[in-house]
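Presented below is the structure to which this report refers.
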Amino acid sequence: MLGKKSDPKDLKKALFLERENAWDHIPETQMRPLESYMNEYRSFLDFGKTERESVDTAIEILEKAGYVDIRKTNDTKNIYYNHYGRAVAIFRQGKAPIEKNLRILVAHIDSPRLDLKQYPLYEDEEIAMFKTHYYGGIKKYQWVSRPLALHGVVAFPDGTVNPIVIGEDEDDPVFTIADLLPHLAGKAQMGKNAKEFIPGEKLNILIGGKPFNDDKELKDRVKLHVLSLLNDTYGITEKDFVSADLEIVPAGKSRDVGLDRAFIGGYGQDDRVCSFASLKAVIDAEDPEVSSLVLLLDKEEIGSEGAAGANTVIAELVLGYVLARHGLDKSGVVRRMLANAQCLSADVNAAVHPDWKEVHELRNAGYINGGLTLSKFTGVRGKGGSNEASAEFVARLRRLFDDSGIIWRIAELGKVDEGGGGTIAKFMSYYCMNVIDAGVSVLDMHSPFEITSKADIWMMYNAFKAFLED
Ligand code: MN
Ligand code: MN
């Protein structure tokens, strides 16, 4: 214990908790690897704007690193499991006995967006439009008056699946949702609250405007033209939209933000920023003692329900494969293995916005450049619907992260009565394991252009690696 006679300045240093800026703790020698990581991360964002594209991009990276599809090998060393093309599980075997001390990183690769409805296409006032149904929590007004792209797949009854990406190439057309001009918006919009001034049924995509031919007697000439173009390139008829997963996302690439390039701006960073760090960490972990499981999952933004989400037995499924190859396929083993595992639920938190401080409780908030952000619990109204990590588990991670030179802090998502949100953590805790949320703090979360700090991303990646190597 520190004596009362110590210099008060020294005593303060020893007893007080100082808020750190992660940049102050990244040595010059790490700047080059940091920037090359950020370039890779930005291309992960640019090529993976849907859960399916993120799975494809992740698998490409994994195969380059020597990982093999578990269905194509008897080995269990470095393998992945492609789950419906919408989620991917990665297993890396450590040196310790396989059923001991598993480490888990779990993150999600779905992001808020606009899905096409199943009968989306119509013509009104000689303009062809797509109807949408938004997915996840969005502020609807952020999606109007901006270039949008169409991503997804159309599955045909004969089993073929055609991927579609329109709006990302320089030469591609883009799409948009036209807003109402301010001159006429007085009654229709300006007096209403933000929730109401763009109703969900007005989030319709401008898709075309040229008639098929000059036969003015022909009804729906513009719709016909759009369908004929889609049919020429993708073989689609109107009926095929029913078996399609087509998503409208912001068009364009992620960018460095700020004169000093401190930040990355781009769509879908919740939660690809953590997904990419998890992926890189499991590949880059040096000679890990214990085995690692990384789950990159779909459907978190709508509550993790659904076959490719966290509220399933995917962890048991994949570990079942692995254990069976070691003659350990009894269900008791997989349950014990999961219960003894330690898990980081890799997801983002909100960063304090200098102009909107009033929604945060500043002592317990996340900050841009605060390093790795841990959330002991999530949820709403008195921690409802969340997992809370135990004091012991937090203490263990403190030791690990402090020993590894990681700058980190713990954050709540906003003031107690302000709102809140949930993550995957509670579904992992179903297996009785220790789990805590860990990620970076994001500005403008769920917007078409989310902002993260490179220093935070770097701390997160190094933290995940340390976690898997511990
Ligand atoms: Mn998230
Ligand atoms: Mn989210």
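One-based numbering, in listed order, for ligands and for the atoms of each. On a predicted model such as this, the values are computed, not experimentally measured, just so you know.
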Between Phe241 and Phe130 (judged by ring centroids, cut-off 6.0 Å), do the two rings come close enough to count as a pair? yes
Is it true that Ser111 and Arg272 share a donor-acceptor pair across their side chains at a distance under 3.5 Å? yes
Around the Mn ion (ligand 2), how many protein N/O/S atoms fall inside 2.8 Å? 4
Within the 6.0 Å centroid threshold, strictly below: Tyr135 and His133: no
Indicate whether any N or O donor in one side chain lies under 3.5 Å from an N or O acceptor in the other, for Glu301 and His446. yes
I'd like to check the salt bridge (Lys or Arg N to Asp or Glu O under 4.0 Å) partners of Glu201; sequence neighbours left out, ordered by chain and number. Lys117, Lys131
Aromatic centroids of Phe449 and Tyr267 separated by under 6.0 Å: no
